[in-house]
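All values below were derived from every heavy atom in this structure, side-chain atoms included, with hydrogens, water molecules and symmetry-related copies excluded. Just so it is clear, the model here is predicted, and its values are computed rather than measured. Atoms within a ligand are numbered from 1 in the order they appear, just like the ligands themselves.
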Amino acid sequence: MPRVLVVNTGSSSIKYQLFEMPEGSGDREPKVLAGGVVERIGEAGSKLTHRPAGAEPLVVEERVADHSEGFDRVFRAFETAGEPIGELAGIGHRVVHGGERLTEPTRIDDAAIAAIADQAPLAPLHNPPNLLGIRIAMASFPGTPQVAVFDTAFHQTMPPRAWRYALPAELAAELRIRRYGFHGTSHAYVSRKAAEHLGRPAAELNLVTLHLGNGASAAAVAGGRCIDTTMGLTPLEGLVMGTRSGDLDPAVVFYLHREAGLSVDDIDDLLNKRSGMLGLAGANDMREIARLVAEGDQAAAEAMDVYCYRIRKYVGAYAAALGRLDALVFTAGIGENNDTVRAGVCQGLEGLGVTLDARRNKGRSGRPRTISADASKVAVLVVPTNEELEIAEQTLAVVGA
Ligand code: ADP
């Protein structure tokens, strides 16, 4: 059965998963053979954690100087754990920004590399390390097809009314300033899974998908195609996140500069790394915030209210954009695990036809499930996301194995 290695190379980390994919259209499920992460590359305290399926994790705490060394460690860990990578049908790379040109999973060649490099100014923290991972993997597996899967791709079906900012048109075009959207691989995966779970063709369904992790975004999906999403030129726009502010009056930026003397870099850092739930409540992890709320912490309770309200507002906006809403889909760390957030988002949406079932909402499962009441006009679902599997499937589709 074909094997696909999925790689997500960050500025100081490499995450990976090796899949064995089913052949043909049987009932067989894809299997994860191993996965893992190299963290803090180039820093003190580098660490590799390799998790072979059904065996104890292998942890190596040794300085990893750079990404090449990181990949070497990963390849070696497969050998040490007794499950070598073996023959690969393809390697799938997560690439954050595909811009306007890279709208489909793309077989990597010189032209694709140049096109990914061309998007780097739009994602300076992400595309360069993504490319580095691609180059190292190509050198290590010269005969293996490599595929790039873009976080922005799913959102490229948005109509201009959703992706345009009301800026001077020429300037926006020249600098490619527009809304792109991110988390596309996750929104695509959960919208497909939601349709499967509901037993209806994706083409017939209007969904709002809510990817709520450290980063968070919502998407309006009509007939399987994205028509709007909350993130914009960068992942800063939209929902309140762990450390990002989400929507702001842009004049806050000038005000911070003029009144507090902050530089552009200071403000970038403030809005991306010190705002959101961290700024409001002093903690960015929702489990910690839940603990604070339980202890009666007012700031944490208010932060939760702001968090849920922002999402609810977008659900209303997207119900209007879609014209008819069939299902609301929660996913990612918070969406899958935090019933308080799900209840907080759905509260007051009865007018839109959303009625949560409190007992179903509290239940847990690793599989897609319905948490709305039987009488709810809009189905509310929890669908676990799996971006790695989506990348593996798209990779296989491109290499035609
Ligand atoms: P990332 O965007 O880094 O992939 P995740 O999707 O893992 O993030 O989401 C991280 C968030 O999910 C954190 O705020 C964390 O508190 C929350 N989360 C993860 N697991 C649980 C859980 N079992 N219960 C409640 N919250 C959880």
Side-chain angles (χ1 to χ4, degrees), residues 6-17 35-40 49 51 94 96 123 125-126 129-130 149 151-152 181-190 193 209-219 229-231 234-246 272-295 297 300-301 303-308 310-311 329-345 361-369 371 382-391:
V6 173
V7 178
N8 179 356
T9 313
S11 58
S12 65
S13 69
I14 303 165
K15 294 188 189 129
Y16 60 94
Q17 264 185 34
V37 58
V38 189
E39 297 164 278
R40 292 192 284 280
T49 310
R51 296 190 186 81
R94 174 184 183 226
V96 166
L125 300 180
H126 294 105
N130 296 160
V149 179
D151 250 26
T152 47
F182 300 86
H183 293 142
T185 307
S186 177
H187 288 292
Y189 179 81
V190 301
K193 289 283 160 191
T209 50
L210 301 169
H211 177 107
L212 310 176
N214 281 316
S217 64
T229 191
T230 53
M231 284 178 167
T234 78
L236 186 55
E237 192 178 341
L239 306 181
V240 176
M241 310 181 211
T243 63
R244 297 188 198 122
S245 62
N272 275 295
K273 301 199 179 130
R274 293 187 281 137
S275 298
M277 296 306 270
L278 181 63
L280 288 169
N284 67 307
D285 191 295
M286 272 295 181
R287 283 168 287 203
E288 172 71 5
I289 291 172
R291 199 181 55 73
L292 292 170
V293 173
E295 284 171 359
D297 186 301
M304 276 296 267
D305 204 27
V306 173
Y307 184 88
C308 294
R310 181 79 54 85
I311 299 171
V329 184
F330 286 91
T331 195
I334 297 164
E336 291 168 31
N337 296 299
N338 192 316
D339 56 272
T340 312
V341 165
R342 293 193 300 255
V345 169
N361 183 36
K362 288 236 175 271
R364 298 188 81 87
S365 158
R367 301 197 153 265
R369 65 198 172 94
I371 58 169
V382 177
V383 178
T385 194
N386 194 337
E387 289 161 278
E388 293 78 14
L389 177 58
E390 176 75 10
I391 294 173

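- Below 3.5 Å of separation, one finds no N or O of A332 facing any N or O of ligand 1.
- Applying the 4.0 Å criterion to heavy atoms of D285 picks out, from ligand 1, the atoms 14 (O), 15 (C), 16 (O).
- Checking side-chain atoms of R342 against main-chain N and O of G335 turns up a donor-acceptor pair under 3.5 Å.
- Proximity of a side-chain donor or acceptor of R94 to a complementary backbone N or O of D151 within less than 3.5 Å is not detected.
- Here the heavy atom of the protein found nearest to atom 11 (C) of ligand 1 is I334 CG1, 3.6 Å.
- If you take CG on L278 and CG on N214, they are separated by 11.0 Å, rounding to the nearest 0.5 Å.
- Contact annotation: for N214 versus ligand 1, heavy atoms closer than 4.0 Å belong to both the backbone and the side chain.
- Scanning all protein heavy atoms for the shortest distance to atom 24 (N) of ligand 1 gives N337 CB, 3.3 Å.
- The closest side-chain donor-acceptor pair between S12 and E39, if any, does not fall under 3.5 angstrom.
- A donor and an acceptor atom, one from each side chain of T229 and H183, are nowhere located under 3.5 Å apart.
- Taking a cut-off of under 4.0 Å to the non-hydrogen atoms of M286, the atoms of ligand 1 that pass are 14 (O), 16 (O).
- Nearest heavy atom pair, residue F330 against residue L212, reads CD2-CD1, 4.0 Å.
- Although no hydrogens or angles enter the test, the distance criterion places no donor-acceptor pair under 3.5 Å between the side chain of T49 and the main chain of G36.
- With ligand atoms numbered from 1 in the order given, ligand 1 contributes 2 (O) to contacts under 4.0 Å with heavy atoms of G215.
- The nearest non-hydrogen atom to atom 19 (C) of ligand 1, considering only R287, H211, E387, comes from R287.
- Ranking the protein heavy atoms by distance from atom 18 (N) of ligand 1 puts G333 O, 3.6 Å first.
- Put simply, atom 4 (O) of ligand 1 has no protein non-hydrogen atoms near it, under 4.0 Å away.
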